[in-house]
Number of protein chains: 2
Amino acid sequence: MALIKKERKPKPDASTTRIQDPEGTRRNILEIASKEFALNGLSGARIDEIAARTRFSKRMIYYYFGDKEGLYLRALENAYRQVREGEAQLDIEGLPPVAALTRLVEFTFDHHHRHEEFIRMVMIENIHHGQYLEQSDAIRELNVTAIDHISRIYSRGVEEGVFRPGLDAIELHWQVSALCFFNVSNRTTFSMIFGRDFGAPAQLERLKRNSVEMLLRFVAKDEAPAER
Amino acid sequence: MALIKKERKPKPDASTTRIQDPEGTRRNILEIASKEFALNGLSGARIDEIAARTRFSKRMIYYYFGDKEGLYLRALENAYRQVREGEAQLDIEGLPPVAALTRLVEFTFDHHHRHEEFIRMVMIENIHHGQYLEQSDAIRELNVTAIDHISRIYSRGVEEGVFRPGLDAIELHWQVSALCFFNVSNRTTFSMIFGRDFGAPAQLERLKRNSVEMLLRFVAKDEAPAER
DNA sequence: TGTAGTGAACGAACCAGTTCGTACATAACT
DNA sequence: AGTTATGTACGAACTGGTTCGTTCACTACA
């Protein structure tokens, strides 16, 4: 049988000189892909859709990222990197323990709130049982320092006698994360069910204040909590 | 005009009597579908896969549920119903406020832990911006009573002078939910990142105790929390 | 009591649209 | 010239949904 050769368009455009910028190409693709994955999930996102939104063709995605999962993995890493880099902004050096912890919780609350895309990626990744996070050494490396702040604050608080001893820094981090993460991750359904907008500024302030207070009261030394 | 009559097979088979059981059929399909959606999400789940796992053909899914989204919606409702029904088991009548709140938090913690499928459905639904929950009056109706327990416990506690006044029952519910939900929803990534199994029984006990304590300390009347 | 009619329950095969991924061609840079 | 970068067209497989026809239980009536 005869091979059918396609006619090729000989000349698409010569007016604009194509500037080669592989790094820029990667960044542009990754940026768009991150949004799409965060919005639609891994299976929900469409490679063609991502390609259409970039300045490049689908071919470029495969050229630079191999396949859909490779692209997703990079988007996941990207999300973690951005957020962890942002966390480096937090400065609590020199603050006394209570003020430092307050600042940490407030910062985390706001930070999560500002990075909904990240929250969504983490949710999606949990849906996938961490299957992709598992493949990324980069992400694990990024995160080991995530408890540094709270760990130091807590130690200092215990030393100074304002925090009770015996608590675990990772568990404290867990508690802070839970309160701040949930605020973003479950806002939609929670608001719908209780008919109240949990994203409203005044409401957010209250939730933030509550979260701070919960942590402060939890670590506070003074007297024991009510007996059960 | 001539009526076209269908040929009828007079007597084909008498060995296996087909038992018509529409309710059973629906239940079987819904049960399998719930698992598949919770596992793979809306776009990730495959109708053919669901059909293959049921005792029926794909045709029946469309016969009973219309389309994929209809099936998903039913699965979502099903998840909420099951969990809310389970919550009705909680009996705190007669307990003093502190004991009641302790029991409530412990119960919620365990209940969420036991219903991972539900947690996953809620996550998935949040990824979809609550698009399907929005369509379900049934779910909203189910949930309005969700804060009854905590609301009554809190009022009683304030009356009896053991809880501080001025707090909001829905926000308390929010806090309990955050702690208990996060424990299931983010366990995978959290465990991976910090290299500790947050699903281990001893660890779960600690987290549960922490959660209870956080709530108790938060509502406790006595003296003010550390000033910041 | 037998039988024709009826509608609900069900299955196999199919269809049309979608989606990931690739082959081929070509332009730009070194 | 050779390597890198890029676009276009396209195919194979998949997937949601439909069509057509069959099976079965039951009812009305001869």
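Per chain, numbering begins at 1; letters A, B, ... match sequence-line order.
With sequence neighbours excluded, the residues satisfying side chain to side chain contact (heavy atoms under 4.5 Å, CB included) with B:Arg53 are B:Ile32, B:Glu36, B:Glu49. The side chain to side chain donor-acceptor pair (under 3.5 Å) check on A:Lys58 picks up A:Asp48, with sequence neighbours excluded. For A:Glu205, the salt bridge (charged side-chain N to carboxylate O under 4.0 Å, His left out) test picks out A:Lys208, with sequence neighbours left out. B:Arg84 pairs by the salt bridge (charged side-chain N to carboxylate O under 4.0 Å, His left out) definition with B:Glu87, not counting sequence neighbours. B:Ser136 is linked by a side chain to side chain donor-acceptor pair (under 3.5 Å) to B:Glu77, counting only residues two or more places apart in sequence or in another chain. Every residue two or more places apart in sequence or in another chain that forms a ring-ring contact (aromatic ring centres under 6.0 Å, His included) with A:His115 is listed here: A:His111. Listed by chain and residue number, A:Glu93 satisfy the salt bridge (charged side-chain N to carboxylate O under 4.0 Å, His left out) test with A:Arg152 (two or more places apart in sequence, or in another chain). Listed by chain and residue number, nothing satisfies the salt bridge (charged side-chain N to carboxylate O under 4.0 Å, His left out) test with A:Asp197 (two or more places apart in sequence, or in another chain).
If you check residues 49-57 of chain B against DNA chain C, the residues with a heavy atom closer than 4.0 Å are B:Arg55, B:Phe56, B:Ser57, listed by number.
Contact check, A:Thr25 against D:dA5: no side-chain N or O comes under 4.0 Å of OP1 or OP2. OP1 and OP2 of D:dG17 both lie 4.0 Å or more from every side-chain N or O belonging to B:Tyr63.
Within the helix from C:dT1-D:dA30 to C:dT30-D:dA1, the inter-axis angle between the opening and closing five-pair segments is 10°, rounded to 10°.
By the 4.0 Å N-to-carboxylate-O rule, B:Arg206 lies close enough to A:Glu171 to be salt-bridged with it.
Checked by distance alone, B:Lys58 brings a side-chain donor or acceptor within 3.5 Å of a matching partner on the base of D:dG17.
Distance, A:Phe65 CZ to D:dT6 P: 12 Å, rounded to whole Å.
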Atom pairs under 3.5 Å: protein N/O with N/O of nucleotides 15-19 of chain C:
unit_1	atom_1	unit_2	atom_2	d
C:dT19	OP1	A:Arg46	NE	2.5
C:dT19	O5'	A:Arg46	NE	3.4

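Pairs engaging residues 74-95 of chain A under the ring pair (Phe, Tyr, Trp, His ring centres under 6.0 Å) rule: A:Tyr80-A:Phe118 [sequence neighbours left out].
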